[in-house]
Amino acid sequence: QVQLVESGGGWVQAGGSLRLSCAASGSIFSISAMCWYRQAPGKQRELVATITNDGSTNYAASVKGRFTISRDNDKNTVYLQMNRLKPEEKAVYYCTADIGLRARYWGQGTQVTVSS
């Protein structure tokens, strides 16, 4: 089992930056990939960024060049650096951890508010 706790959400003006953190605990050595999702009210949940166990990263086209996913293995933490934020990116951001194809664990989410 894996437990995930997101932090770092908050309020930022358009064009500003924010860094989200996701601290993992439990069976962390079984994690094959970690992702950031976001979901705005009335909208479908969107995959934002992925980092796999070999360090490979992928991003949604809408955030490529502005967002960076990274990890600190010593701290068992994954980060999402978000730069030049846009008002439409106001959403609840969720961290996930995949155990191969067997399970996906979700954090509780952290609210990101971007004002125009």
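No experiment lies behind these values; they were computed from the predicted model shown.
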Minimum heavy-atom separation for [X] to [Y], with atom names?
X     : Y     : answer
Leu47 : Cys35 : CD1-CB, 3.7 Å
Thr77 : Ser21 : CG2-CB, 4.2 Å
Arg38 : Ala91 : CB-CB, 3.9 Å
Gly9  : Leu20 : N-CD2, 3.6 Å
Asn76 : Ile28 : OD1-CD1, 2.9 Å
Gln39 : Arg45 : NE2-N, 3.7 Å

So [Y] and [X], do their side chains get closer than 4.5 Å, heavy atoms only?
X      : Y     : answer
Tyr105 : Gln1  : yes
Ser17  : Met82 : no
Asn53  : Ile31 : no
Val2   : Ile99 : yes

Indicate if [X] and [Y] have the same hydrophobic cluster label, given that clusters are the connected sets of ILVMFWY residues with side-chain heavy-atom separations under 4.5 angstrom.
X     : Y     : result
Tyr93 : Val12 : yes
Val63 : Tyr79 : no
Phe29 : Val78 : yes

To the nearest 0.5 Å, what is the distance between [atom1] on [X] and [atom2] on [Y]?
X      : Y      : atom1 : atom2 : value
Asn83  : Phe67  : CG    : CZ    : 8.0 Å
Tyr94  : Gln108 : OH    : CD    : 8.0 Å
Arg104 : Leu4   : CZ    : CG    : 11.5 Å
Met34  : Leu80  : CE    : CG    : 11.5 Å
Ser70  : Ile51  : OG    : CD1   : 6.5 Å
Thr96  : Trp36  : OG1   : CH2   : 9.5 Å

key: Side-chain donor/acceptor of Ser62 to backbone N/O of Ala60, under 3.5 Å   =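 No.
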task = Could you tell me whether the side chain of Asp98 and the main chain of Gly100 form a donor-acceptor pair under 3.5 Å?
result = no
task = Flag the pair Tyr37 / Trp106 as yes when their ring centroid distance falls below 6.0 Å, and as no otherwise.
result = yes
inquiry  = Is Cys22 disulfide-linked to Cys95, taking SG-SG under 2.5 Å as the test?
reply    = yes
Lys/Arg-Asp/Glu bridge criterion (N-O < 4.0 Å) met for Glu89, Arg84 = no
inquiry  = Please tell me whether Asp54 and Thr52 have a donor and an acceptor in their side chains that are separated by less than 3.5 angstrom.
reply    = yes
